[in-house]
Amino acid sequence: MSIPTSNFIHDIIEADLASGKYTEVVTRFPPEPNGYLHIGHAKAICLDFGTALKYGGRCHLRFDDTNPTAEDTEYVEAIENDVRWLGFDWGENLFWASDYFGRMVECAVELIKIGKAYVCDLSVDAFKEYRGVPNIPGKEPAGRSRSIEENLDLFERMKKGEFADGTYVLRAKIDMASPNLHMRDPAIYRIKHASHHNTGDTWCIYPMYDFAHCLEDSIEGVTHSMCTLEFEVHRPLYDWILETLNLYQPHQYEFARLNLTYTIMSKRKLLELVKENLVNGWDDPRMPTICGMRRRGCTPEAIRAFCTEIGVTKTESLTDVALLEHHVRNDLNEIAPRRMAVLDPLKVVITSYPEGETEEFELPNHPNKPEAGTRTVPFTREIFIEREDFMEEPSKKFFRLAPGTEVRLRGAYLVTCTRVIKDADGNITELHCTHDPESKGGNAPDGRKVKGTIHWVSARHGIKAEVRLYDRLFTSENPAAEERDFKDYLNPDSLKVITGIIEPGLAAAKAGDKFQFERVGYFCADLDTAESKPVFNRTVGLKDSWNK
RNA sequence: UGCCCGAUGGUGUAAUGGUAGCACAGCAGACUCUGAAUCUGCUUGUCUAGGUUCAAAUCCUAGUCGGGCAACCA
């Protein structure tokens, strides 16, 4: 596991540790189980767990399940799975906000008893009127002057289920004139006759985020509570609740959320794509979700390296997806065995090669790692090469196959193109080449050099495979910031499904196996793969300084 | 509009009053049985205006620009 680099929060933690304010660091990752985790969450996960790791503390995985109508166990399992896959371990420290519902009610009662909370019967719209607007102080709701006894009674009856949803709400009594709207008597408990995935029908009142979250942190002894920037204005309320209840007070720190070019990071919008079948589910390899990226072939190591690289600041930014791709290539380059696959096949007949003969060539699995071993690849008179590796009238800088030129078939022979065969429409259908039998293995004994080396697959042995070519999901760098609806900027070419010819050994690939298709890109066997019908995803292409 | 937050090359960041550095991207070259990887070199930056100081990206003031907040969501 890479060591997290430093950031402004770590500076604070180090000062806290040095001053003796804390002797141990406790953090938490607190997702609401209402959707799938995405790369933005990965940033938070790396920060929360990485910080605990760095300072020898602990990080809790806590499900912030305070809103039963939005949540589902489907998400709980997916979240646990994704965090684990990213390489983090919460050990015994799995917690649920719902486990604290009893204590939270006690805290609410305490607030009522000290005159710091009251039951309010204003409708949503009516309270909006009272709250007012930022530059104008609000008005005090009548419920504010209700007696403690009456508040206690009303809250008890709320809890017992005597009232319908929306009829009453418990509010913190703070300051209806505060310049911070969150301090204008925020709701802390609402009535919701809904079944909870954890607590069933035990409760019909549920705490609001602002009330629940600080209590959860406090109860668990969190020292540094990290969240994204939009919660900055909530911090005074976080502090107020714990201070007022005279409870242990963690400190909340805010950092900028991750934005990536050519994608979106909002759970709501991602859900929209899934619901409207604009992608093939949460784990569609084009999605920025952890499960989508996993299916696409990204590694947790690459994602962690990326998160380390982008750092943690309070500056809002839009990170170039090229940076992520760099880390994906960087890791895959190390670990992915090399294979040959032709995505756009053009048949080549080696006319000088004996018909019916098969040779087995031994090719390295990794050019820079002899320890990665070798595999054998069959060679025959008829092969497929990549259509774009041939040019009838080559440009000056083209050094692949062209009429009369010699190239190396990777690991096999030097061949020279002798004939171009076309159909009636003038499309090239086949090439004839002659080979130099002396160049077996790829090098000529006379030492002559060829500039081009191309990949190939034996026509007789090659296996057809479905290959899914993914491109960016959106055509806009920042679809969420565009004028029109983000869905108007979906890239119609974000998925192209083609049939390629792969070297025979590749058919046995298991879902998730990763390879570099030499000269083409990094690919992984998809969940849909089967030996009888292999399916590969393009994770990311190779850098290509020729094509551009 | 009120409050809060932010601003360093094209992008993401570092520099915590003392040489503006790193990575990505881009460009050029070397090497190469992957036009990959690797290696070398190069281009590009402190929002503006004042002030404090021997010295300011850093501290102060004002402005500009960008973002957040006004769910019985989190």
Side-chain angles (χ1 to χ4, degrees), chain A residues 5-8 11 30-32 34-35 64 66-67 69-70 120 122-124 127-128 131-138 165-171 178-184 186-192 205-206 208-210 212-213 227-236 254 256 258 261 267-268 306 309-327 329-330 333-334 338 340 363-364 366-368 397-400 407-412 414 441-443 449-455 516-522 541-548:
Chain A
T5 49
S6 208
N7 58 56
F8 77 98
D11 292 345
E32 182 188 19
N34 68 344
D64 205 2
T66 57
N67 183 9
T69 51
C120 175
L122 254 22
S123 70
V124 180
F127 185 74
K128 240 180 216 166
R131 182 175 44 219
V133 289
N135 47 335
I136 302 164
D165 290 9
T167 49
Y168 289 103
V169 73
L170 184 70
R171 295 190 180 284
S178 171
N180 181 345
L181 275 327
H182 292 279
M183 300 298 272
R184 320 249 268 222
I188 58 177
Y189 256 99
R190 80 280 218 185
I191 299 170
K192 222 176 235 258
I205 55 169
Y206 293 94
M208 299 292 295
Y209 165 84
D210 283 307
H213 205 90
C227 63
T228 46
L229 247 25
E230 66 268 27
F231 293 104
E232 245 171 343
V233 283
H234 294 242
R235 194 180 345 128
E254 307 88 10
L258 172 67
T261 53
K267 267 194 205 173
R268 199 207 88 228
F306 168 74
E309 167 102 40
I310 56 171
V312 177
T313 66
K314 300 191 74 156
T315 314
E316 289 173 73
S317 56
L318 179 60
T319 300
D320 192 338
V321 72
L323 191 55
L324 209 209
E325 289 171 351
H326 161 76
H327 286 285
R329 286 193 192 98
N330 200 38
N333 179 45
E334 291 297 313
R338 278 31 352 180
M340 291 197 289
L363 271 73
H366 192 116
N368 314 328
K397 285 231 173 169
F398 187 81
F399 48 82
R400 304 174 190 175
V407 296
R408 174 165 34 236
L409 295 175
R410 178 111 166 125
L414 263 29
N443 281 312
K449 300 277 181 218
V450 290
K451 193 93 164 102
T453 298
I454 63 175
H455 59 283
Q516 185 196 87
F517 290 179
E518 282 191 287
R519 307 208 309 127
V520 180
Y522 293 100
L542 250 31
K543 276 184 71 175
D544 187 354
S545 53
W546 156 251
N547 250 339
K548 54 182 162 186

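Protein chains get the first letters and strands the later ones, always in sequence-line order, with residue 1 at the start of each.
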For atom [atom1] of [X] and atom [atom2] of [N], their distance in whole Å:
{"X": "A:Leu324", "N": "B:A25", "atom1": "CG", "atom2": "C1'", "value": "14 Å"}
{"X": "A:Lys451", "N": "B:A36", "atom1": "NZ", "atom2": "P", "value": "10 Å"}
{"X": "A:Lys543", "N": "B:C39", "atom1": "NZ", "atom2": "P", "value": "12 Å"}
{"X": "A:Phe517", "N": "B:G35", "atom1": "CZ", "atom2": "C1'", "value": "20 Å"}
{"X": "A:Asn7", "N": "B:A15", "atom1": "CG", "atom2": "C1'", "value": "15 Å"}
{"X": "A:Leu258", "N": "B:C24", "atom1": "CG", "atom2": "P", "value": "18 Å"}
{"X": "A:Glu334", "N": "B:U38", "atom1": "CD", "atom2": "P", "value": "9 Å"}
{"X": "A:Met183", "N": "B:G2", "atom1": "CE", "atom2": "C1'", "value": "16 Å"}

Exercise. Any side-chain heavy-atom pair from A:Leu414 and A:Val407 closer than 4.5 angstrom?
Worked result: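 Sidechains of A:Val407 and A:Leu414: no contact.
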Problem set entry | Intra- and inter-strand pairs of RNA chain B in dot-bracket (Watson-Crick or G-U wobble, both distances under 3.5 Å; | for another strand) | .((((((..((((....[..)))).(((((.......)))))....(((((..]....))))))))))).....
Close N/O contacts between protein and nucleotides 21-23 of chain B (under 3.5 Å):
residue : atom : partner  : partner atom : Å
B:A23   : O2'  : A:Glu309 : OE1          : 3.3
B:A23   : O2'  : A:Glu309 : OE2          : 3.1

[X]: which residues meet the side chain to side chain donor-acceptor pair (under 3.5 Å) condition with it, sequence neighbours left out?
{"X": "A:Thr453", "result": "A:Arg408"}
{"X": "A:Lys128", "result": "none"}
{"X": "A:His326", "result": "none"}

Taking atom [atom1] in both [N] and [M], compute the distance separating them and give it to the nearest angstrom.
{"N": "B:C72", "M": "B:U11", "atom1": "C1'", "answer": "41 Å"}
{"N": "B:U13", "M": "B:C47", "atom1": "P", "answer": "15 Å"}
{"N": "B:U64", "M": "B:G26", "atom1": "C1'", "answer": "31 Å"}
{"N": "B:G50", "M": "B:A56", "atom1": "C1'", "answer": "14 Å"}
{"N": "B:A28", "M": "B:A36", "atom1": "P", "answer": "13 Å"}
{"N": "B:G18", "M": "B:U1", "atom1": "P", "answer": "37 Å"}
{"N": "B:A15", "M": "B:A57", "atom1": "P", "answer": "15 Å"}
{"N": "B:C59", "M": "B:C65", "atom1": "C1'", "answer": "22 Å"}

For this session: Would you check if the side chain of A:Asp320 reaches a backbone N or O of A:Thr261 as a donor-acceptor pair within less than 3.5 Å?
Result: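 Here the side-chain-to-backbone pair does not exist.
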Exercise. A:Thr228 side chain to A:Glu230 main-chain N or O, any donor-acceptor pair under 3.5 Å?
Worked result: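 A pair under 3.5 Å: no.
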Is [X] touching bases, backbone alone, or none of the nucleic acid, heavy atoms closer than 4.0 Å?
{"X": "A:Gln516", "value": "base"}
{"X": "A:Tyr522", "value": "nothing"}
{"X": "A:Leu318", "value": "sugar-phosphate"}
{"X": "A:Ser178", "value": "nothing"}
{"X": "A:Leu542", "value": "base"}
{"X": "A:Asn135", "value": "base"}
{"X": "A:Arg400", "value": "base"}
{"X": "A:Pro236", "value": "nothing"}

Exercise. Where do A:Tyr206 and A:Asn67 land on the side chain to side chain contact (heavy atoms under 4.5 Å, CB included) test, with the steps shown first?
Worked result: CA-CA 7 Å; A:Tyr206 293 94; A:Asn67 183 9; over 6 Å; no
Using atom names, set out every protein N or O paired with an N or O of nucleotides 42-45 of chain B below 3.5 Å, distance rounded to 0.1 Å.
none

Problem set entry | Selected nucleotide, minimal atom distance to A:Ala322 side chain, candidates B:A25, B:U34, B:G35 |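 The closest nucleotide is B:A25.
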Problem set entry | Out of B:G35, B:U34, B:G12, whichever nucleotide has its closest atom nearest the side chain of A:Arg338 |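 Of B:G35, B:U34, B:G12, B:U34 is nearest to the side chain of A:Arg338.
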For this session: Take A:Ile310 and A:Leu258, measure what side chain to side chain contact (heavy atoms under 4.5 Å, CB included) needs, and give me the verdict at the end.
Result: CA-CA 9 Å; A:Ile310 56 171; A:Leu258 172 67; 3.8 Å; yes
For this session: Test A:Met208 against A:Val169 for side chain to side chain contact (heavy atoms under 4.5 Å, CB included), laying out the working first.
Result: CA-CA 10 Å; A:Met208 299 292 295; A:Val169 73; over 6 Å; no
Exercise. Starting at the 5' end of RNA chain B and moving along, which residue's nearest nucleotide shows up first, A:Gly311 or A:His366?
Worked result: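 Closer to the 5' end of RNA chain B: A:Gly311.
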Problem set entry | Contact nearer the 5' end of RNA chain B, comparing A:Asn330 with A:Asn443 |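 Checking each residue's closest nucleotide, the 5'-ward one belongs to A:Asn443.
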Exercise. Hey, what do you get for CZ (A:Arg410) to CZ (A:Arg338), rounding to the nearest 0.5 Å?
Worked result: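 With rounding to 0.5 Å, CZ (A:Arg410) is 9.0 Å from CZ (A:Arg338).
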Problem set entry | Which residues share a ring pair (Phe, Tyr, Trp, His ring centres under 6.0 Å) with A:Phe306, sequence neighbours left out |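 So A:Phe306 forms no ring pair (Phe, Tyr, Trp, His ring centres under 6.0 Å) with any residue.
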Exercise. Who pairs with A:Tyr209 by ring pair (Phe, Tyr, Trp, His ring centres under 6.0 Å), at least two apart in sequence or on another chain?
Worked result: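 Result, ring pair (Phe, Tyr, Trp, His ring centres under 6.0 Å) vs A:Tyr209: A:His213, A:Phe231.
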For this session: Would you give a per-nucleotide map of nucleotides 68-74 of chain B, 5' to 3', where B means the base has a protein non-hydrogen atom under 4.0 Å away, S means only the sugar-phosphate does, and - means neither?
Result: BSBSBSB
Sequence neighbours left out, what passes side chain to side chain contact (heavy atoms under 4.5 Å, CB included) with [X]? Give chain and number order.
{"X": "A:Leu542", "result": "A:Gln516, A:Tyr522"}
{"X": "A:Val520", "result": "A:Leu343, A:Glu386, A:His455, A:Phe517, A:Phe523"}
{"X": "A:Thr315", "result": "A:Thr313"}

Exercise. Can you check side chain to side chain contact (heavy atoms under 4.5 Å, CB included) on A:Phe398 and A:Trp546, steps first, answer last?
Worked result: CA-CA 9 Å; A:Phe398 187 81; A:Trp546 156 251; 3.5 Å; yes
Exercise. Distance check: side-chain N/O of A:Thr313 vs OP1/OP2 of B:G12, anything under 4.0 Å?
Worked result: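 Checking B:G12 against A:Thr313, no side-chain N or O comes under 4.0 Å of OP1 or OP2.
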For this session: Taking all heavy atoms of A:Thr167 and all of A:Ile191, pick out the closest pair and write down the distance.
Result: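 Shortest heavy-atom contact: OG1-CD1, 3.7 Å.
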Exercise. Is the base of B:A71 syn or anti, if syn means a glycosidic angle within 90° of 0?
Worked result: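 Syn conformation here, the glycosidic angle of B:A71 being no more than 90° from 0.
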